[in-house]
Undergrad: 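Structure below; questions to follow.
Please read all numbers here as calculations on a predicted model, not as lab measurements.
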Amino acid sequence: MATSAAGADDGRNKTVTGYPVEQGQFAAGYPAAGAYPYVAPPPPPHANTYRPTGPPPYYAPQPTGPIAPNRPTLLCRLLIAAVAVFAIMSLVFFIAWLALRPRLPEFRVESASVFPLNATGSELTATWDLTLLANNPNHKLRIYYDSIQASLFYGDDDRIATTSLPPFVLTKRNQTRVGFKLATVGEYVGNYVAKRISDERDRGSVRFGLGVFATVRFRSGVFQSRPRVLRVFCERVDFGFAQKNGTGTLTVLILTNSEFWAQKPCEVGD
């Protein structure tokens, strides 16, 4: 019986190569149950054997006192102050501009005459005597005319004569008359323009155009606008010729039975 039991135990613990594996046996190539399958690697012979070479690392000393904040430089302060002043001045200027509400002046040709008007060949000889009526419609602003230039045109782009006018000031809700002369002697205008002027004079009426270019400033107390260019154009300045002596006067434009203006208002822009 003992021999049979030992034989049975040897049969159960025997290594087999096939499947299925009976209880108490294990397949070839696999460890027996309860055994650790892998062998732990041996520890290194010497731990922490690395020694860095070279000089030791440098550590900056930490400040012991309180850290002072970065202060702006003088240039930065000046820049900030300049921007602030500019913004304040712009705001004040804008508010004053809205409160005063500047309006452009008004112009009208009040009187005009020409003598003599001779167009022969390709040359023109004439002297124009004109008076402009300038009106300031602003209640709170004065208008300063710093430089003024007046030019006489014929047709679309033919400039006949040019002259400069003296500066003047137009007070609030006031008007003034500006008189000046334009002259040309033997001015070359071309055969076509000279013939057209001569033919219109013979028919009794010649139309010219008057342009005025001025540099103006609006002012009220301490407020003063920047200089701006004012452009005035009187499109229809008609001269009537009743005689053949070359003398012409401004044509009267009748508006109603009791009122009349020499010419309609001029166009004003900037």
Undergrad: Between L141 and R103, is any pair of side-chain heavy atoms under 4.5 Å apart?
TA: no

Undergrad: Rounded to the nearest 0.5 Å, how far apart are NZ of K172 and NE2 of H139?
TA: 11.5 Å

Undergrad: Hey, are the side chains of V189 and Y154 touching, using non-hydrogen atoms and a 4.5 Å cut-off?
TA: no

Undergrad: For the residue pair L230 and P105, what are the closest heavy atoms and their distance?
TA: CD2-CG, 3.5 Å

Undergrad: Using the rule given for side-chain contact (heavy atoms from CB on, under 4.5 Å), can you reason through F107 versus V178, listing the C-alpha separation, both sets of side-chain angles and the distance that settles it, and then say yes or no?
TA: CA-CA 10 Å; F107 287 87; V178 182; 5.8 Å; no

Undergrad: Would you list the pairs meeting disulfide bond (SG atoms under 2.5 Å apart) in which at least one residue belongs to residues 137-246, sequence neighbours left out?
TA: C234-C266

Undergrad: Does V268 share a hydrophobic cluster with L130, counting links as ILVMFWY side-chain heavy atoms below 4.5 Å and allowing steps through other members?
TA: yes

Undergrad: Would you give the length of the straight line joining atom CD of E200 to atom CG of L117, rounded to the nearest 0.5 angstrom?
TA: 10.0 Å

Undergrad: Nearest 0.5 Å, what's the CG-CZ distance between L250 and F239?
TA: 6.0 Å

Undergrad: Are F180 and I160 connected in the hydrophobic side-chain network, where two residues link if heavy atoms are under 4.5 Å apart?
TA: yes

Undergrad: Which heavy atom of V114 sits nearest a heavy atom of A126, and at what distance?
TA: CG2-CB, 4.0 Å

Undergrad: At what distance, to the nearest 0.5 angstrom, does CG of D202 lie from CD1 of I197?
TA: 12.0 Å

Undergrad: If you look at every heavy atom in V206 and F241, which pair is closest and at what distance?
TA: CG2-CE1, 3.6 Å

Undergrad: If the condition is salt bridge (charged side-chain N to carboxylate O under 4.0 Å, His left out), which residues does R207 pass it with, not counting sequence neighbours?
TA: D238

Undergrad: How far does CG of L170 sit from CD of Q175, to the nearest 0.5 angstrom?
TA: 8.5 Å

Undergrad: Measuring from L182:CG to F208:CZ, what's the distance to the nearest 0.5 Å?
TA: 11.0 Å

Undergrad: Closest approach of A183 and A161, non-hydrogen atoms and distance?
TA: O-CB, 3.9 Å

Undergrad: Under the side-chain hydrogen bond (donor to acceptor under 3.5 Å, both in side chains) test, which residues partner R177, sequence neighbours left out?
TA: E110

Undergrad: Please name the pair of heavy atoms, one in G121 and one in A194, separated by the smallest distance, quoted to 0.1 Å.
TA: O-CB, 3.2 Å

Undergrad: Test: side-chain hydrogen bond (donor to acceptor under 3.5 Å, both in side chains). Region: residues 127-137. Which pairs qualify, not counting sequence neighbours?
TA: E106-N135, S111-T131, N136-N138

Undergrad: Could you walk me through whether D199 and K195 pass the salt bridge (charged side-chain N to carboxylate O under 4.0 Å, His left out) test, one step at a time?
TA: CA-CA 6 Å; D199 293 343; K195 187 176 185 308; 3.0 Å; yes

Undergrad: What are the two closest non-hydrogen atoms of A119 and S198, and how far apart are they?
TA: O-CB, 4.0 Å

Undergrad: In this structure, are over 12 heavy atoms from other groups packed under 6.0 Å from E267 atom CD?
TA: no

Undergrad: Is it true that L104 and F233 fall in one hydrophobic cluster, defined by side-chain heavy atoms closer than 4.5 Å?
TA: no

Undergrad: Under 4.5 Å between side-chain heavy atoms, hopping through other hydrophobics if needed: is there a path connecting V216 to F168?
TA: yes

Undergrad: Only pairs at least two apart or in different chains count here, so list each ring-ring contact (aromatic ring centres under 6.0 Å, His included) that has a residue in residues 184-203.
TA: none

Undergrad: Under 3.5 Å, sequence neighbours excluded: what are the donor-acceptor pairs made by side chains of residues 143-153?
TA:
from : atom 1 : to   : atom 2 : distance (Å)
Y144 : OH     : R142 : NE     : 3.2
Y144 : OH     : R142 : NH2    : 3.3
D146 : OD1    : R217 : NH2    : 3.1
D146 : OD2    : R217 : NE     : 2.8
S147 : OG     : T215 : OG1    : 3.2
S151 : OG     : T162 : OG1    : 3.2

